[in-house]
Amino acid sequence: MSDPTRLRLEEPTPEVLAIITDIEGTTSDIAFVHDVLFPYAQEYLPDFVRARADQPEVAALLDDVRAEADKPTADLDAVINILGDWMNADRKATPLKALQGMVWQQGYEDNDFTGHVYDDAVAALQAWADDRRALYVYSSGSVAAQRLLFTYSDHGDLTSLFSGYFDTRIGPKKKRSSYKAIAAELGEDPSSLLFLSDVGDELDAAADAGMQTCWVARDEKTQENARMSEAHRVVQSFDEIELI
Ligand SMILES: CSCCC(=O)C(=O)COP(=O)(O)O
Ligand SMILES: [Mg+2]
């Protein structure tokens, strides 16, 4: 007869009620963001800001730039230089991300580019939505920029798949508190939420907050990083993600 004291009572992994996905490197090619979106913003953001500096929404963002750079008296040229430096450093500053999103709107509307989304990501997101899992995005790109990418995607308008979007206004992507705040906003226990990303520090923060995690490691370098961490499930594409 088996000894009941030897039974290990492990908590079962909760059912995944909602999936929260990163964009760059996860649903979408890093090269699209770095070789198409970022250069477009580098080219057009200075003129965009000069033309609209007096519009209340843009003026408020420029003040946010001054505050974040600790340069409260910076004139317009100085602010544009700060934004240029931030773009060169790929700084995930909330006002920069909001301004980039406004500039990209023109590019999408003029058909200069479409939002790249991997085939496997579209297929899995569609299947999960059909399975009544709620889908959310959490990206450093502004919510407006996220919506644009999925509205003008190379697979057509995908926005009906998503129930909501989060950006750095809820907090930075490498902070545990951001994932706690997302779970609180969704009204769910973090353990029933699955976060997908290509960046280990983001996954660590989500796991620290109690979320389930999956490392989407599409390229060799990311796969090498993922191999060094045993804290997360690792897949090479969305095809391999199995939901509980
Ligand atoms: C919303 S598309 C533009 C992505 C972007 O600006 C960015 O910085 C990428 O951030 P992510 O958190 O998706 O890696
Ligand atoms: Mg990413």
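Atoms within each ligand, like the ligands themselves, are counted from 1 in listed order. Quick note: numbers below take in every heavy atom, side chains included, and nothing from hydrogens, waters or symmetry partners.
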Note the single closest protein heavy atom to atom 11 (P) of ligand 1, along with its residue, its atom name and the distance in Å.
D22 OD1, 3.3 Å
Close N or O approach (S140, ligand 1; < 3.5 Å):
yes
For ligand 1, the portion of I23 having any non-hydrogen atom under 4.0 Å away
both
Do N88 and Q42 pair up side chain to side chain, a donor and an acceptor below 3.5 Å, judged on atom types alone?
yes
Can you tell which part of Y165 has a heavy atom less than 4.0 Å from ligand 1: side chain, backbone, both or neither?
neither
For W128 and F238, run side-chain contact (heavy atoms from CB on, under 4.5 Å): C-alpha distance rounded to whole Å, both residues' side-chain angles, the deciding distance at 0.1 Å, then the answer.
CA-CA 11 Å; W128 297 336; F238 278 47; 3.7 Å; yes
Does ligand 1 come near enough to Q100 that some N or O of the ligand is less than 3.5 Å from an N or O of the residue?
no
Checking contacts here: is it the side chain or the backbone of W104 that comes within 4.0 Å of ligand 1, counting heavy atoms only? Could be both or neither.
side chain
When you look at Y108 and F113, which way does the ring-ring contact (aromatic ring centres under 6.0 Å, His included) test go after all the steps?
CA-CA 6 Å; Y108 285 112; F113 44 78; 4.8 Å; yes
For D219 and T222, which I'm curious about, is there any donor-acceptor pair between the side chains at under 3.5 Å?
yes
What N/O/S atom of D22 is the closest to the Mg ion (ligand 2)?
OD2
I would like to know whether E68 and R91 meet salt bridge (charged side-chain N to carboxylate O under 4.0 Å, His left out); could you show each step before the answer?
CA-CA 12 Å; E68 188 160 336; R91 183 159 158 165; 3.4 Å; yes
For residues I23 and L149, determine if any side-chain heavy atom of one lies less than 4.5 Å from a side-chain heavy atom of the other.
yes
Which residue supplies the protein heavy atom nearest to atom 9 (C) of ligand 1, what is that atom called, and how far is it?
E24 OE1, 3.0 Å
Looking only at heavy atoms of Y138, does any of them come nearer than 4.0 Å to an atom of ligand 1?
no
With heavy-atom distances below 4.0 Å as the criterion, list the atoms of ligand 1 near Q146.
1 (C)
Applying the 4.5 Å side-chain criterion to the ILVMFWY set and letting contacts propagate, would V36 and Y118 be lumped into a single cluster?
no
Straight-line distance of D198 CG to T26 OG1, nearest 0.5 Å:
4.0 Å
Per-atom contacts of ligand 1 with F38, taking only distances under 4.0 Å to non-hydrogen atoms
6 (O), 8 (O)
Please list the nearest protein heavy atom to atom 13 (O) of ligand 1 with its residue and the distance rounded to 0.1 Å.
S139 OG, 2.8 Å
Between F166 and Q146, is any pair of side-chain heavy atoms under 4.5 Å apart?
no
Pairing of R52 and D54 as salt bridge, 4.0 angstrom limit:
no
The protein heavy atom nearest to atom 2 (S) of ligand 1 is L149 CD1, 3.7 Å
Determine, stepwise, if the pair D157 / R147 fulfils salt bridge (charged side-chain N to carboxylate O under 4.0 Å, His left out).
CA-CA 9 Å; D157 186 349; R147 280 185 201 277; over 6 Å; no
Below 4.0 angstrom from a heavy atom of K92, which ligand 1 atoms are there? Numbered from 1 as shown, please.
7 (C), 8 (O), 9 (C), 10 (O)
Would you say D90 and ligand 1 have an N/O pair spaced under 3.5 Å apart?
no
Measure the distance from atom 12 (O) of ligand 1 to every protein heavy atom, then report the residue, atom name and distance (to 0.1 Å) of the closest one.
K173 NZ, 2.6 Å
Which value, rounded to 10°, describes the O(E24)-the Mg ion (ligand 2)-OD1(D198) angle?
90°
For ligand 1, which atoms have a heavy atom of K97 less than 4.0 angstrom away?
5 (C), 6 (O), 7 (C), 8 (O)
